[in-house]
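One structure is given here, and the rest of the page talks about it.
Every chain is numbered from 1 and lettered A, B, ... according to where its sequence line falls, protein lines coming before strand lines.
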Amino acid sequence: MNKITAPATSTLKVPESPEPLEHPMKDYLRTERFPHIWCSTCGIGTVLTAFIAGLQKSGLDRDKVAVVSGIGCSGRAAGYLRLDSFHSTHGRAIPFATGLALGNPELKVAIISGDGDIAAIGGNHFIHAARRNMNLTVICINNFNYAMTGGQAGPTTPQEANASTAPYGAYEYPFNLPYLAESCGAVYVARWTSLHVRRATKAIAEALVKPGFSFIEVIAPCPTLYARRNRLGTGLDLMRFYHDTAKIQHGANTKDIDIEYQKEIIVGKFVDKDKTDFFTNRNSFLQNKLGDKYIPYKGTK
Amino acid sequence: MNKITAPATSTLKVPESPEPLEHPMKDYLRTERFPHIWCSTCGIGTVLTAFIAGLQKSGLDRDKVAVVSGIGCSGRAAGYLRLDSFHSTHGRAIPFATGLALGNPELKVAIISGDGDIAAIGGNHFIHAARRNMNLTVICINNFNYAMTGGQAGPTTPQEANASTAPYGAYEYPFNLPYLAESCGAVYVARWTSLHVRRATKAIAEALVKPGFSFIEVIAPCPTLYARRNRLGTGLDLMRFYHDTAKIQHGANTKDIDIEYQKEIIVGKFVDKDKTDFFTNRNSFLQNKLGDKYIPYKGTK
Amino acid sequence: MMNYWRTPLDINKIEVPHGNVHIDNEQCKGCGFCIEYCPRDVLALSKDFNRKGYHYPIVLKQGACVNCTLCEMICPDFSIFVVEGKPSHPNIDDVLKKGVKS
Amino acid sequence: MMNYWRTPLDINKIEVPHGNVHIDNEQCKGCGFCIEYCPRDVLALSKDFNRKGYHYPIVLKQGACVNCTLCEMICPDFSIFVVEGKPSHPNIDDVLKKGVKS
Amino acid sequence: MDIRFSGFGGQGIIKSGMLIGKAASLFDNKFATLTQSFGPEARGGACSAQVVIDENAVLYPYIIAPEILVSMSQEAYEKFIGDPVKGSIVLTDTDLVKPKKIRKDIKMYSIPATRIAEEMGNRIFANVVMVGFFTAITNVVSLEAMKKALPGSVPERFLATNIEALEKGYEYGKNLTKK
Amino acid sequence: MDIRFSGFGGQGIIKSGMLIGKAASLFDNKFATLTQSFGPEARGGACSAQVVIDENAVLYPYIIAPEILVSMSQEAYEKFIGDPVKGSIVLTDTDLVKPKKIRKDIKMYSIPATRIAEEMGNRIFANVVMVGFFTAITNVVSLEAMKKALPGSVPERFLATNIEALEKGYEYGKNLTKK
Amino acid sequence: MKADPIGVATGNHFIDGDHACGEGAIAAGCRFLAGYPITPSTEVAERIAERFPKVGGMFIQMEDEIASMAAIIGAAWGGPKVMTVTSGPGFSLMMENIGLAVMLETPCVVVNVQRGGPSTGLPPLTAQADMMQARWGSHGDYEIIALCPNSPQECFDLTITAFNLAETWRVPVMFMMDECVGHMTEKVVIPEADQIEIVPRNFYKGKKEDYRPFNFSGSGEIAPMIKAGEGYNIHITGLTHDERGYPALDAEAQDKNVRHLVDKILKNEEKIRLLEEDQIDDAEVIVISYGITSRVSQKAVQDARAAGIKVGTIRLIVVWPFPEKLIRKLASKVKAFIVPEINLGQISLEVERYAAGKAITIHVPHAGGWVHDPNDILKAIKKGVK
Amino acid sequence: MKADPIGVATGNHFIDGDHACGEGAIAAGCRFLAGYPITPSTEVAERIAERFPKVGGMFIQMEDEIASMAAIIGAAWGGPKVMTVTSGPGFSLMMENIGLAVMLETPCVVVNVQRGGPSTGLPPLTAQADMMQARWGSHGDYEIIALCPNSPQECFDLTITAFNLAETWRVPVMFMMDECVGHMTEKVVIPEADQIEIVPRNFYKGKKEDYRPFNFSGSGEIAPMIKAGEGYNIHITGLTHDERGYPALDAEAQDKNVRHLVDKILKNEEKIRLLEEDQIDDAEVIVISYGITSRVSQKAVQDARAAGIKVGTIRLIVVWPFPEKLIRKLASKVKAFIVPEINLGQISLEVERYAAGKAITIHVPHAGGWVHDPNDILKAIKKGVK
Ligand SMILES: Cc1ncc(C[n+]2csc(CCOP(=O)(O)OP(=O)(O)O)c2C)c(N)n1
Ligand SMILES: Cc1ncc(C[n+]2csc(CCOP(=O)(O)OP(=O)(O)O)c2C)c(N)n1
Ligand code: SF4
Ligand code: SF4
Ligand code: SF4
Ligand code: SF4
Ligand code: SF4
Ligand code: SF4
Ligand SMILES: [Mg+2]
Ligand SMILES: [Mg+2]
């Protein structure tokens, strides 16, 4: 990442500012790895911004926050965050994070990964972590395809959309991820698009401080593959599309918020309820059953 | 299986019936493998009866019906059925069945397996097959634990219930399987207990002829492990418990039918809706897109 | 509450259906389901063990069987079934009572 | 429809907040998000390419920036940010207009 | 000394083997190895536990032909009666096992263990009655060691009843051999 | 003949390599092997395709030091300009590549391929303009073979435009060498 | 039997190994593919996804590799020839169900386009480091067949061979490509359908009641198959079983069942064997290689011969079962075997074992991400003749 | 360091190998176990589930074995010593994430109580047929450590050793029990805590900014670890990486990274080595065995000695890394190696390779479901001295 010494006006000479200025999120980024790998107009970077902003807003001690990603374009998120950050295997970010969060219960662990990673190969871990109400925040960047591997159809690809393994259009029914999350017991469920960067930031801040399993789906453009194959233009065009078609409906019944190809997208916060998280629940349960004999797990010194 | 030559009255000599009589389901059973492995008062055998009766009732050609099981006590079901029957790997009955059903589209494929098999290790396949609306009938025998391996807690074990890996009681939140199935798009969702053998039979008959993904949870006693560890008596005691606590509520909102330890169990048919199944949908979709160029898959000669 | 079996609607009318119960003593695992859920209390538990060590059911009131097949359906061991028809055996209530586990 | 940015409520009153926009030309991938969503149309696309071959944004109306930071938030490449304060540069609208891609 | 305990699931057959092995190895200062048949195919069918007791470390863990066979079900009896070597001791539950073909080359003893247990209130104690009987007849382990083996291996609240069961079986055996 | 095409993602660099390899192997009766850099680290960064063309079967599939380098971005140019062997030919897009240090031991040719394509209506044809230019300058494949390579490799509806692009690049090249 | 012309894309193509493999599968009669995307194998599935609807095939993208592997086994019992496609991480996930395929003696082809490992490793770069995994990756004793193509043309040709072997021996065949071969584009000639020999599924034709899904008699015969839905009412299980397919859980049944699985491959090694020998007769050293490395080695071998070194080559096409007997025989004739592979020592270990000290074995390792420098192989050859 | 007394169940116990393994883990300081039930390994997890709440440990039963393996890796980076427990089918499923553990150099113990395979095989019966899988089951090149106990006592003792090795070498250690040992009940003596030597996690103590999660320098040093949550802000990835843990996707980085993973084990084989030799000095044949088979062999060896045969034994405790050098050395001194194992030939293949034709290798196979008849081993010994 370059140091910016003056406002960029390119064709105009302007007085230099007294000190080199740095991006306000620089401390949260592994700038030595920049520029990142994401394509021009890809939405993942914006979600990363929202995450950092949400984390700042949450008031959590950043050293006690860890991020785990799976494999995918979205899964590269962990690699750019200057937090304890883990790039695990495809689909296994959630169980890795489960171990990490239990291994050191002082941590708040967030998962940032793609729709394929979380809902295809990782689907079982997703539903079980939600069921257990594991103290995790899952941010699923949904770009409607497996981007990293070249734009294959996946469980979120809307019917009719074209993909490299659905060359005549996808015909499978896609998941409605918020509905799935809710049916398994997630205590916080929201959906935004990368255009809703402020709302997503707020949702991330809320989710990070919410005990238990929180889930935020963020729809984001993949211009290089999904948009190109479907001739939907650039990421900017998709942002405009979100602008035109996203409808905020807080508290919507998750049952009713299926996503159809290039149709209205219902966004909002759908679930925000209280339920004791796995760790707390286990502690009080065992305390209750074993009394003095119980030695709670407290992590290692 | 023994041939019965006279009504069994044990202490009384009775006239022998003219011909050896056979159990009316004998043709559907691999009697050479009897007696089966299931314990006394285990509910799995009753579900098998319901399956055979349901199959008979469905009017389907039995030679065009195949059964796939995973691994577990319940997973032994396939091994006793004189149909094309497959004992696959733990958790993989559904994808195996998916392949089988697509490999020979003339088949109706049913899965009979346990709660651990289908909802723990097999959870991802379950939600994806439901999502795809694959033409499968899944009968999940829920005995609230992993019986085959010795009574461990699983994702259906109610909180407070004791299990070998939850020696002080289970503290995880269990799945509500009908809700999960519905959230993924299953077109037919029902829950019964092994006591409701006639209702279960009817449900199985309905599910077998219903195109798409149908799901029937059948709660059944595991006296040897679940009941014994929890001092709930024999399977007969559990049948009595079902009698006292099961409440039929057709069309109940699946969201509201969580099962709590030794509390009321809501049973009934919850979902019965129409949606084109994967195979049919794919066919018409591709036909539509490719016209003459499309050669539908029809299985092999 | 509900019914767990097909109620023999016409039970007290003319043309009561009848069934003959057949039991595979050796395959039976003595769960007692058939006995418990027979709507006509046709069955009872024998005092004897089979080779595996289980008490199997015996027919207490053959003539009372209305061929509802609930016993057949609920049996987890495929060890009992009913054949429609006039009772081929006498009603053996009293004969057996002494042999029956309470 | 809705707003995607924090509306600068006091925009037309006294004490309008101001921001100075800073852009990392070389890291920018020219997506245009910042330009599109700036509520004050502060930015525009340069005609020049950076080394990667992208057109990056330039500040068209520095003085107009109300420090809403939407550009900073929405940039997927961490290539633009805003620092609160009086505009440190003249309003360069006219100067730049000729250098701007339409 | 190669010993097989056998019966059906739920009778506490494995526990019997466990008690004997524990007594021998922890309290009689011998080497003991217990193995058992596991798994589903065992469920509802014959079930067995094997104990090898030796003065030296046990190398081969299984038994092929036991010197002592204990049978607590007809099925198990019929399944295993062919195995014991000549001169073996065979113990059975009087009510549950009706020997068909009697082997002449072995010594047979029986005890109505289940009945005794039922009389004590619950047939679950039958296995411990049988263990007591085994102790008395075979002298493989000492009664003292057997008693020491019970705590920790049976639920605390049933300890007293188990000791009683053990003693009942032991006495029955001693009376039998006295005669 | 070891050839590298380079540029950034989305420019059709791989397609260029593919067209040349196809022309050589299917229509010029030579052996050709195309390899390319794949994967995410390539995204948004420099991207390249390598073609080895030979009279005999190609054994070693990669190229270490090309004899022809085509660069369609500044970044790619800077990344790869060190590689070519002495006497190599380097082709660049006039507008996208501003050579900093010029190597004296190689022959440089440039064409405003992107601008030509933009003038034709869309910069996506820039790669084919470049391929035409390549054909004219290097004589590695025949123009005829190149033309045959287009059908099936570009969308049917753009075939004519692609042929035009190819010819434009070819002519530009021929004019350049004529001078 | 000849290939079905509907599937055969006769003509000259300039395509990569992945696409060629897809075409090979179609030509071989494969009509069912279940897979999950993974670099660098995805293009095989993409080819199939595009082509199957036009040739009467059924492609399904599953939720993961485990499901893919399970699905092809299920599908095979429904009738069609089946395949799945993956790379290292997915191959690892498939291991459990590859074991099921072995146990159920289900013909299927598993394509692994090898990339750098372990773990996520080098997704877009080549390696040959899953060779031992192909043989040993699932639990328990078993044998499979594994082939390694060295060009897009062979990706086409040998995929057909892979299917033929799978059907002949009722075994999963591992088609062990490498990223280099998979992503390399060359001319591929697809012949006329009537020039392509394929082995059809050996469907049982006898009386229904006599059918046995397995034959453990040791007669060397492989039991024919049936397809579900024809009234055979078969049962098969991943448990140890008897010839009826019924569970048989004891040591004796285990011995019969597992020995059969192993013997049917190992005892027929010479029938299954497929390799290229070159200038073996007077060779003092022999270079043994497979896949892309066999081409790179060839460069070194040419140089060595030019330098007057008596070097022969063996190019393994079928790598598993390993040609043990051949190596044992050659070991007493040569000074050294040179084994370059893109791994830190896998097939070289086999060579070393069967060389049994009679010839030395020089492994030329490469950790992956690129092919060998031919000079490194040349150096090893020179060392070998000393 | 000495064991924490809180975890140590000092005393004499009559327990099976599975339970003993659980106690060993607790004594070793393991405080995190994620697992999924599978016969015949479940009792390990059951023991832990019961004991952990009383010793401050965290047990979680995951949804499958993949999750279990992933969870323990994640947990290890949170601080605790970690373990998972499984058998063949689950072991196969863990393979991908075992690769991740290798790549992240994460200390962990993976218990595999071996049962008959392949596939579901013989769930309740013994085998030793996952030995090669333990080494080769995941894709790519890598090395691990594997140990085989032969009694419940060793299930306790060697579990501690397994943890110590895992922490010392930052590697997954495979604890390869077999069903026979796991389900066999014998006396197990658990010593006082201060009699138990354990290797604690080597936590980094230097300046935060200097921390590097990996050390590929070839210096032989293993980088210390940190735990997440302490402000190190580390990044680690299953991709090929540099010492900072950052992705580095080229052949050069691959060579550094993967060679390090392999070398740290193979070059230290003699340090890791753990075996029992008996009467080797004048031996004409040597029986090499491990796990339960080493006890059964002992019976045959006693008989052979009684018959005057000069037979020695090597009992491998650490099976991987294989003591290559030792076998090479012994091969020139003896006539034969006899290798009985409950499989159709796995470790015998290693022996044969390193015997290099100098001594013959006689494998005594057993397909599983039971242990060998000692007479079969005796026969092989007799054949070996001829
Ligand atoms: C076990 C395994 N299977 C497959 C892959 C290949 N793979 C890498 S990323 C990816 C898909 C990623 O899709 P998604 O999670 O939606 O992320 P995106 O790239 O779209 O952001 C796949 C299939 C892998 N790395 N590991
Ligand atoms: C991959 C794998 N993991 C674990 C097992 C062990 N296993 C066999 S059956 C079973 C649980 C079965 O539970 P469920 O499906 O509920 O059936 P039940 O026995 O209760 O009827 C398990 C964990 C296995 N066979 N394979
Ligand atoms: S391929 Fe798609 S998701 Fe991946 S970086 Fe590019 S635009 Fe983003
Ligand atoms: S263990 Fe439980 S589920 Fe299994 S057969 Fe016995 S009673 Fe049924
Ligand atoms: S059929 Fe069975 S349940 Fe019904 S009345 Fe007769 S005996 Fe009773
Ligand atoms: S229901 Fe069946 S198994 Fe149970 S007692 Fe009656 S006959 Fe026996
Ligand atoms: S902060 Fe950015 S978006 Fe907001 S007004 Fe200033 S330039 Fe525009
Ligand atoms: S949003 Fe960022 S990357 Fe996009 S044009 Fe603006 S500065 Fe460049
Ligand atoms: Mg995606
Ligand atoms: Mg269950």
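- Of the two parts of B:Ile52, only the side chain, counted from C-beta on, holds a non-hydrogen atom closer than 4.5 Å to a non-hydrogen atom of chain C.
- At distances below 3.5 Å, at least one donor-acceptor pair connects side-chain atoms of B:Asn145 with backbone N or O atoms of B:Asn143.
- Of the N and O atoms on the side chains of B:His36 and C:Asp77, at least one donor lies less than 3.5 Å from an acceptor on the other residue.
- A distance of 6.0 Å or more separates the ring centres of B:His250 and B:Phe270.
- Heavy-atom distances place both the backbone and the side chain of B:Met239 under 4.5 Å from chain C.
- C:Val83 touches chain B through its side chain: at least one heavy atom from C-beta onward sits under 4.5 Å away, while N, CA, C and O do not.
- Relative orientation of the B:Phe144 and B:Tyr226 rings is tilted, given thresholds of 30° and 60° on the angle between their planes.
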